[in-house]
Amino acid sequence: MSTKPPLTWQKSSHSSEASSCVYVATAPDTTLRLRESDEPDVVLRTDLAALAALIATVKQDAAKA
């Protein structure tokens, strides 16, 4: 039986203390996992380049608003 080590989740520094917190963890295969505090069983898998591109796009769009 294969057991996976538990992920160590870190809350985003931009998440508020109340709710809707975003958490990130690095998996053993070096991919990233993302989850939101309201639905912790829903986990997204991505890599650093894709997450960096998403963040850059969000920042760019926010600056236009």
Side-chain angles (χ1 to χ4, degrees):
M1 179 166 101
S2 171
T3 59
K4 296 179 184 178
L7 296 175
T8 302
W9 293 97
Q10 179 179 347
K11 184 171 77 165
S12 167
S13 61
H14 294 282
S15 293
S16 67
E17 292 296 321
S19 64
S20 299
C21 299
V22 175
Y23 290 84
V24 65
T26 302
D29 65 0
T30 71
T31 59
L32 299 175
R33 303 295 197 269
L34 302 169
R35 73 179 187 188
E36 199 263 330
S37 60
D38 289 340
E39 295 188 46
D41 293 333
V42 177
V43 178
L44 302 176
R45 178 181 171 175
T46 190
D47 61 31
L48 185 56
L51 181 59
L54 172 66
I55 292 169
T57 300
V58 169
K59 284 182 176 182
Q60 184 180 36
D61 288 350
K64 291 178 185 177

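Only heavy atoms go into these numbers, but all of them, side chains included; no hydrogens, no water, no symmetry mates.
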**Message:** Taking the side chain as everything from C-beta on, heavy atoms only, tell me whether Asp29 gets closer than 4.5 Å to Arg45.
**Reply:**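 Counting from C-beta outward, Asp29 and Arg45 do come under 4.5 Å.
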Open item on the list: Are Val43 and Leu34 packed together at the side-chain level, in the sense that at least one heavy-atom pair is separated by less than 4.5 angstrom?
Closed with: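 No, side chains not in contact.
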Practice item. Calculate, to the nearest 0.5 Å, the distance between atoms CZ and CG belonging to Arg35 and Leu44 respectively. Key: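 Atom-to-atom, Arg35:CZ and Leu44:CG are 12.0 Å apart.
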Roughly how far, to the nearest 0.5 Å, is the CG atom of Leu7 from the CG atom of Leu32?
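Interatomic distance, Leu32 CG to Leu7 CG, rounded to 0.5 Å: 10.5 Å.
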Review point. Same cluster for Ile55 and Val24 if Ile/Leu/Val/Met/Phe/Trp/Tyr side chains link at under 4.5 Å?
Key: yes
